[in-house]
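Data block below; observations after.
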Amino acid sequence: MSARLSDVIEVLDEAYPPRLAQSWDSVGLVCGDPADVLDSVTIAVDATPAVVDEVPEGGLLLAHHPLLLRGVDTVAASTPKGALVHRLIVSGRSLFTAHTNADSASPGVSDALADALGLTVEAVLEPLSEPADLDKWVIYVPRANAEAVQAAVFEAGAGHIGDYSHCSWSVCGIGQFLPHDGATPAVGSVGTVERVEEDRFEVVAPARARAAVLAAMRAAHPYEEPAFDIFALVPAPGDTGMGRIGTLAKPESLRAFVSRVVAALPRTSWGVRAAGDPDRVVSRVAVCGGAGDSLLSIAARADVQAFVTADLRHHPADEHRRTSEVALIDVAHWASEFPWCAQAAEVLRSQFGADLPVHVSTTRTDPWNLGHETCGDQS
C-alpha cells in the first residue's frame, strides 16, 4: 500500500490551490522528494517533535501551520526547527504545508469548523476575488461589416467563455457622426451629418490580448475612427475566501450555543469564552478558523447573531462590543483549526482509499498547557 509523493501533492494542490495563499505565506513541500513512494500520511495542525514522532518512516506529515514561515537563514540541527527538518530528512519523512490556501479553499478550514458546530454553510464571510483578467469589448460597426469585424477579433483571441468560442451579443441601432475638415470618412462626406445602420456587438477577451484584439478590430473595421469601449471586468465573488456564514437547524440561546461550541471542539487550557447576551437567540453564525479579529467589522455587518473565531484581542473585542450586538465566541487557535485535519484526511482517503493509510494526529499542539476556568456568567 503506497502512493508517490508527487501524486499526493497533486491531490492536495487541487483541494487547497496554492494560488489562494496569502502573499506572505509559505505553503507546499518543505522537505521530501516528489519521486519518493509514501507509506502513509499523518495530518496535524502543527509540525512539532511529538507529532513527528507519530509519523512512520517513509511517511508524509501534512501540517496546517508552516514550520518555516518568516526569514530563515539556517536549518542547522543545533536550532529547534532545523533539528526537526534534519529528523524528517534522515528518516525519509516528508513535510507538506497547506495554510492560508486551506483557509480560503472550498471546502476549507472554516467549512470544517462550521460542520463541527452543526452549521449549514450558506456563504463566505470575506469572499476572495481572484483576478478576472478579462476585458469586455463593445464595438460599433456598420451592419454590412459586422461579421468580418467579429471574425477578426475572434481570431485575435476574443469570444471565449468556458468551453465555448465565437461568443458575442449584438443589437442593431443607428450610428451618427459629422465628418470635419481633414477627415476621410468611409461613409458620408465632410460637413454632412451621416446616420448609418450599425450593429453594436460585445465580446470578452483576455486582458493580455488587448493589443492584438485592438489591432485586429482596427484592421477589419471600415471606419477611419472606429467607436469602441473596453471595460476591465471585476470578478464576481466565488465560494473561496476567509470565514463562513452558516445556520443552525434550530435557533437556540447564546448560552446553549456556547455549550455547543465547548462540546464540539477539543478541550484546551484556553477554553471557550463568550461576550454577549446569554439569552439572545442565535440562528445564523459567522465562523473563522484561526485568528479572526481582522474580520470583526465584516462579521458585524453580516446579519449574524454570533461570530466564532480564535485569538480575539482585548481592544478589538471591546470596540466590537461597543458598536455591535453580534456575540463573540473566542476559542483556542489550535482547537478552531483541528477539525480541518479530518477534512483533509477525507480528501486523501477518497482519492487513494486503502492504498495510502491516513492518520489524524490527536496530539494537542496548542502551546498553552495550563489554565484555570472561571465558571458562571460574569456579565
Side-chain angles (χ1 to χ4, degrees), residues 22 24-25 45-46 64-65 69 99-100 102-104 108-119 121 123-126 241-246 248 252-280 282 284-340 364-379:
Q22 298 289 319
W24 50 263
D25 201 5
V45 175
D46 300 282
H64 179 51
H65 290 149
L69 181 57
H99 190 210
T100 54
D103 289 334
S104 288
V109 171
S110 291
D111 294 281
L113 175 58
D115 184 64
L117 301 182
L119 297 168
V121 172
V124 180
L125 182 59
E126 185 183 40
M242 299 295 290
R244 297 293 185 266
I245 297 172
L248 290 167
E252 59 192 30
S253 68
L254 175 61
R255 181 184 286 107
F257 181 71
V258 171
S259 296
R260 172 191 292 269
V261 176
V262 171
L265 299 181
R267 296 182 66 84
T268 62
S269 300
W270 184 276
V272 175
R273 54 187 184 176
D277 179 356
D279 297 317
R280 189 182 186 197
V282 173
R284 200 161 185 261
V285 180
V287 301
C288 178
D293 62 9
S294 64
L295 302 179
L296 281 171
S297 61
I298 298 175
R301 303 189 302 268
D303 188 26
V304 298
Q305 293 84 45
F307 179 35
V308 181
T309 190
D311 297 344
L312 289 179
R313 295 170 294 162
H314 174 91
H315 293 296
D318 178 59
E319 288 298 320
H320 173 87
R321 290 204 68 187
R322 294 171 188 266
T323 58
S324 173
E325 294 183 355
V326 175
L328 301 179
I329 297 95
D330 184 42
V331 303
H333 191 118
W334 171 80
S336 73
E337 295 175 330
F338 181 72
W340 169 79
R364 188 178 74 172
T365 58
D366 181 37
W368 307 103
N369 65 331
L370 290 176
H372 175 74
E373 293 189 7
T374 301
C375 300
D377 177 12
Q378 302 297 307
S379 57

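- Looking at Phe307 and Leu296, their side chains come closer than 4.5 Å, going by heavy atoms from C-beta outward.
- Legend: residues meeting side-chain hydrogen bond (donor to acceptor under 3.5 Å, both in side chains) with Glu252, ordered by chain and number and at least two apart, are Arg260.
- With rounding to the nearest 0.5 Å, the separation of CD1 in Ile329 from CG in Leu312 is 9.5 Å.
- By the salt bridge (Lys or Arg N to Asp or Glu O under 4.0 Å) test, Arg364 is found to be paired with no residue, residues two or more places apart in sequence or in another chain being considered.
- Not counting sequence neighbours, Asp103 has no partner by the salt bridge (Lys or Arg N to Asp or Glu O under 4.0 Å) test.
- In terms of the side-chain hydrogen bond (donor to acceptor under 3.5 Å, both in side chains) criterion, Asn369 has no residue partners (sequence neighbours excluded).
- The minimum heavy-atom distance linking Ala335 with Pro339 is given by the pair O-CD, 3.3 Å.
- Under the salt bridge (Lys or Arg N to Asp or Glu O under 4.0 Å) criterion, Asp318 pairs with Arg322, not counting sequence neighbours.
- By the salt bridge (Lys or Arg N to Asp or Glu O under 4.0 Å) test, Glu325 is found to be paired with no residue, residues two or more places apart in sequence or in another chain being considered.
- Leu117 has its side chain out of reach of Val285: every pair of non-hydrogen atoms, C-beta onward, lies at least 4.5 Å apart.
- Rounded to the nearest 0.5 angstrom, Glu126 CD and Ile298 CD1 are separated by 4.0 Å.
- Judged as a side chain to side chain donor-acceptor pair (under 3.5 Å), the pairs with a partner in residues 293-302 (not counting sequence neighbours) are, in order, Asp293-Arg313.
- Between His99 and Trp24, the two ring planes are perpendicular [angle over 60°; tilted spans 30° to 60°].
- Side-chain contact check for Leu113 versus Val109: every heavy-atom pair is 4.5 Å or farther apart.
- For Ala102 against Trp340, the heavy-atom pair with the smallest separation is CB-NE1, 3.8 Å.
- Rounded to the nearest 0.5 Å, atoms CD (Glu337) and CG (Asp366) are 11.0 Å apart.
- Partners of His333 under the ring pair (Phe, Tyr, Trp, His ring centres under 6.0 Å) rule, at least two apart in sequence or in another chain, are His65.
- Partners of Trp334 by ring pair (Phe, Tyr, Trp, His ring centres under 6.0 Å), not counting sequence neighbours, listed by chain and number: Phe338.
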Query raised in the report: Leu119 and Leu248: side-chain contact (heavy atoms from CB on, under 4.5 Å), yes or no, with the steps?
Result: CA-CA 5 Å; Leu119 297 168; Leu248 290 167; 3.6 Å; yes
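- Considering only residues two or more places apart in sequence or on other chains, Thr100 meets the side-chain hydrogen bond (donor to acceptor under 3.5 Å, both in side chains) condition with Asp25.
- Partners of Arg273 according to the side-chain hydrogen bond (donor to acceptor under 3.5 Å, both in side chains) rule, which considers only residues two or more places apart in sequence or in another chain, are Asp330.
- Ser259 places none of its side-chain heavy atoms less than 4.5 Å from the side chain of Val272.
- In this structure, Arg244 and Ser110 approach most closely via the heavy-atom pair CG-CB, 3.7 Å.
- Residues Val287 and Val121 form no side-chain contact, since every pair of their non-hydrogen atoms from C-beta on lies 4.5 Å or further apart.
- Closest of all the heavy-atom pairs between Ala116 and Ala264 is O-CB, 3.3 Å.
- Separation of atoms CG (Leu295) and CE (Met242) is listed at 6.0 Å; rounding is to 0.5 Å.
- Only one option out of Thr268, Asp311, Val258, Leu265 pairs with Val331 in a side-chain contact (heavy atoms from CB on, under 4.5 Å); it is Leu265.
- Applying the ring pair (Phe, Tyr, Trp, His ring centres under 6.0 Å) test to Phe257 and every residue at least two apart in sequence or in another chain returns nothing.
- When side chains are defined from C-beta on, Gln305 does not count as touching Leu254, because their heavy atoms never get closer than 4.5 Å.
- Listed for the Thr309 side chain is no donor-acceptor partner under 3.5 Å among the backbone atoms of Ala291.
- Looking only at distances, no side-chain donor or acceptor of Ser253 sits under 3.5 Å from a matching main-chain atom of Asp279.
- Heavy atoms only, all atoms of each residue included: Ser324 and Ala300 are closest at OG-CB, 3.7 Å.
- The nearest pair of heavy atoms linking Val304 to Ala299 is CG2-O, 3.5 Å.
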